[in-house]
Amino acid sequence: MTAARNAADLIAERLASPDDARRLVLKNGWVPQSLAYGAVGVALLHIERALTGDGPWQRAHDWLSCATHQPLVGIDASHLFFGVPALAFALDAAGPGRYTRALDALDHRIGGIVRERVQRAHARMDRSELPALAEFDAIRGLTGLGSLLLRRDVHAVSARAVLDCLVRLTEPVTVHGEALPGWWSLLAPSGKSSPDFPGGHANSGIAHGIGAVLALLGSAARRGITVDGQDAAIARIFAWLDEWRQDGPTGPWWPYWVTRGQLRTGKIGNGPSRPSWCYGTAGLARAQQIAALAAGDTARQLAAEAALAQAMTDPGQLQQTADLSLCHGYAGLAHITRLAANDAGTSNLAGCLPRLLAPMTDISPEALFRQLLHPSDRPGDIGFLDGAAGVALAMHSVAAATPPISGWDACLLIT
């Protein structure tokens, strides 16, 4: 698609080097070691373009050098989207034979990070305590780290340790006589205590909830990587999602989370909400499709695909999509739908793409870039999750009409 290619090309040119980005006026700036909001994410854009012959490797190298200008953040503060694991993800995306020495050094540190996180999680479960979202989620937790480990054979043992831990996470627990799913957190979706969530919640999302765990367990199984109890864990998550599935006039949807009060009454408020990657039907339907493919469950696969197609053609849900980002905007919806269409047992998903791409392709590339840097309702962003680099990657993949060579979307748990 010419419009998508032009959009990706212009954004890549505007973000050709860190010096170019420093000249942009951004309210919140950007963070060198961040895959989500900074240099690592922009490097990923230039890595993919270099692999497809659409840009020079020097641009990727310049952004990676920017990310490593300061000592890398390690065990306590790092995660897939920040610090050592984030940089390793980008370097690995560059492909075999590149950055080998740097990756060898990072692999050693990642092994230590994963061992520490797994030990903490098992110790917490041994104490019969409930988890923080950051223990297991896609952004900050073990699920995100697991998506990196699956890409690197050197981490096969660590990958299985993470899968073992996540399988255990899905086991039900009893707290003060009340049965809860093992991923129930006493915190709010923000990851902090809040009076708005008395008794905590069970998070369904891809970014911070059990949706990511389902996707990782399914993706690992599709690669032939399994541990004891993995099938049972997938079945438990499926059962939870079946219990809380809501059937509306425009198709099925799932709540972003279930509170203690909702758990006791069995009643969910009005919906559906925005169908994004981070929360909502798009990400969760793709996670269910992946796991169903792994399990050979054709009926569930088709049901997930139908739910996605209905959400992507529902004006009410799409009207709630207020931006263009990968995380919660149209770029994410388009990329998820395209991936799901490639794996689908039906042919109706591909027809959703023109409408999902229109907010980005019906305006000029210059206008698109201005909108990403200066949106009306939030700070502008050059990065991967919420900003220009992520949108450009989605547009580049549309234009290429092939799966990403770098596997940049693996960090979103949707492949």
Side-chain angles (χ1 to χ4, degrees), residues 7-26 28-74 78-103 105-106 109-110 139 144 148 151 325-327 331 365 368-369 372-373 379-397 399-400 404-412:
D9 288 348
L10 183 132
I11 292 172
E13 288 297 324
R14 293 290 187 272
L15 301 178
S17 74
D19 286 341
D20 292 326
R22 292 185 185 103
R23 286 191 284 269
L24 300 172
V25 180
L26 295 173
N28 287 349
W30 48 275
V31 183
Q33 291 185 35
S34 175
L35 170 59
Y37 305 114
V40 181
V42 182
L44 205 56
L45 167 62
H46 291 297
I47 287 168
E48 177 67 21
R49 288 175 61 82
L51 287 170
T52 59
D54 292 296
W57 275 104
Q58 188 60 48
R59 291 181 178 179
H61 184 73
D62 289 346
W63 279 100
L64 291 169
S65 295
C66 174
T68 58
H69 184 67
Q70 298 291 332
L72 290 175
V73 172
S78 69
H79 46 73
L80 177 62
F81 284 84
F82 186 71
V84 167
L87 182 65
F89 182 87
L91 295 181
D92 178 74
R98 295 187 178 92
Y99 304 112
T100 302
R101 185 179 300 176
L103 273 169
L106 293 176
R109 297 180 68 177
I110 289 166
I139 302 293
L148 168 61
R151 291 166 63 88
S325 70
L326 281 177
C327 184
L368 173 62
F369 190 65
L372 291 168
L373 263 61
D381 189 346
I382 64 169
F384 175 82
L385 269 187
D386 288 339
V391 172
L393 277 164
M395 293 298 94
H396 185 269
S397 293
I405 296 176
S406 66
W408 62 262
D409 45 2
C411 64
L412 300 174

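These figures come from a predicted structure and were not determined experimentally.
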Taking the side chain as C-beta and beyond, is there a heavy-atom pair between [X] and [Y] under 4.5 Å?
{"X": "D20", "Y": "E13", "answer": "no"}
{"X": "W57", "Y": "I47", "answer": "yes"}
{"X": "F89", "Y": "V40", "answer": "no"}

Got a second to check how far [X]'s [atom1] is from [Y]'s [atom2], nearest 0.5 Å?
{"X": "L372", "Y": "L24", "atom1": "CG", "atom2": "CG", "answer": "11.5 Å"}
{"X": "L44", "Y": "W408", "atom1": "CG", "atom2": "CH2", "answer": "8.0 Å"}
{"X": "H46", "Y": "S406", "atom1": "NE2", "atom2": "OG", "answer": "13.0 Å"}
{"X": "W30", "Y": "D381", "atom1": "CH2", "atom2": "CG", "answer": "11.5 Å"}
{"X": "I11", "Y": "M395", "atom1": "CD1", "atom2": "CE", "answer": "8.5 Å"}
{"X": "F82", "Y": "L72", "atom1": "CZ", "atom2": "CG", "answer": "9.0 Å"}

Nearest atoms (heavy-atom pairs only) where [X] meets [Y]:
{"X": "L326", "Y": "A394", "result": "CD2-CB, 4.1 Å"}
{"X": "V73", "Y": "R109", "result": "C-NH2, 4.4 Å"}
{"X": "P365", "Y": "L10", "result": "O-CD2, 3.6 Å"}
{"X": "L148", "Y": "P85", "result": "CD2-O, 3.7 Å"}
{"X": "L64", "Y": "L91", "result": "CD1-CD2, 3.7 Å"}
{"X": "P32", "Y": "A39", "result": "O-CB, 3.1 Å"}

Criterion side chain to side chain contact (heavy atoms under 4.5 Å, CB included) against F384, the qualifying member of C411, S34, S325, C327: C411

Donor-acceptor pair, side chain of W63 and main chain of L15, under 3.5 angstrom: yes

Show your working on side chain to side chain contact (heavy atoms under 4.5 Å, CB included) between I405 and E48 and close with a plain yes or no. CA-CA 7 Å; I405 296 176; E48 177 67 21; 4.2 Å; yes

Would you please say whether a donor-acceptor pair under 3.5 Å links the side chains of T52 and D54? yes

Pair R59-D62, salt bridge (charged side-chain N to carboxylate O under 4.0 Å, His left out): steps then yes or no: CA-CA 5 Å; R59 291 181 178 179; D62 289 346; over 6 Å; no

H61 vs Y99 aromatic rings, parallel, tilted or perpendicular, using cut-offs 30° and 60°? parallel

